[in-house]
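Scroll down for the structure; my scribbles are underneath it.
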Amino acid sequence: MLFQSGCSRACARRPGGRILDVGYAGSENPLAGPVNFPYFVARTGVLMFTRMLASETQDDGVTVNAVSPSVIETGDAFPEEAPLGRWATVEDVAKPALLLSG
C-alpha cells in the first residue's frame with residue numbers, strides 16, 4: 001500500500017499514469033474455510049484499496065484498475081469447479097492487463 005501511494009503521487013505529476021492491481025474473482029463471494037480465509041481477506045483488501053486509490057487519484061489524471069481472474073491454469077489440480085467451464089489461462093489475464101495499462 002505504501003508503494004502504491006508513492007506511485008500514485010509520482011503518476012499525478014505526469015498525467016495519464018496507470019496503476020493496475022491483481023485481485024481474485026472469488027473474493028466478492030469467498031468460499032468459507034480456515035485455509036482460504038487469509039487469502040480472501042487479502043484479495044478483498046486489494047480490491048477495496050484499488051477502489052479507494054482510484055477515487056483519490058481521479059482528479060490527478062491517474063487511472064487505477066484491477067484485474068480479478070479466477071483460478072489460473074498452472075498444471076496443478078484444484079477441487080473447485082471452473083466458472084467458465086475451463087480454467088483461466090495466463091493470456092486471459094495478460095490481455096486485459098495490457099489493455100488497462102496502456
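Positions are given from 1, in the same order as the sequence printed here. Here the structure is a predicted model, which is why all the values come from computation and not from measurement.
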Exercise. Can you name the nearest heavy-atom pair linking G23 to R43, along with the distance?
Worked result: C-CD, 3.8 Å

Problem set entry | Closest non-hydrogen atom pair, R18 against L100 |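 For R18 and L100, the tightest heavy-atom pair comes out as CD-O, 3.4 Å.
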
Using the test side-chain contact (heavy atoms from CB on, under 4.5 Å), find all partners of [X] that sit at least two apart in sequence or belong to another chain.
X    : value
M52  : M48
V41  : F37
S101 : L20
A54  : V64

For this session: With rounding to the nearest 0.5 Å, note down the distance linking OG1 in T57 to CD1 in I19.
Result: 6.0 Å

Problem set entry | In one Ile/Leu/Val/Met/Phe/Trp/Tyr side-chain cluster, 4.5 Å: V22, V93 |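 Linked within one cluster.
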
Exercise. Any donor-acceptor pair under 3.5 Å linking the side chain of R51 with the backbone of N65?
Worked result: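 Answer holds: no.
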
Exercise. Considering only heavy atoms from C-beta outward, does the side chain of L47 approach that of S68 to under 4.5 Å?
Worked result: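 Answer yes - side chains close enough.
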
Exercise. Under a single-linkage rule joining Ile, Leu, Val, Met, Phe, Trp and Tyr whose side-chain heavy atoms are separated by less than 4.5 Å, which residues share a cluster with L99?
Worked result: none

Exercise. Mind checking who shares a hydrophobic cluster with L98, ILVMFWY linked at side-chain heavy-atom distances under 4.5 Å?
Worked result: none

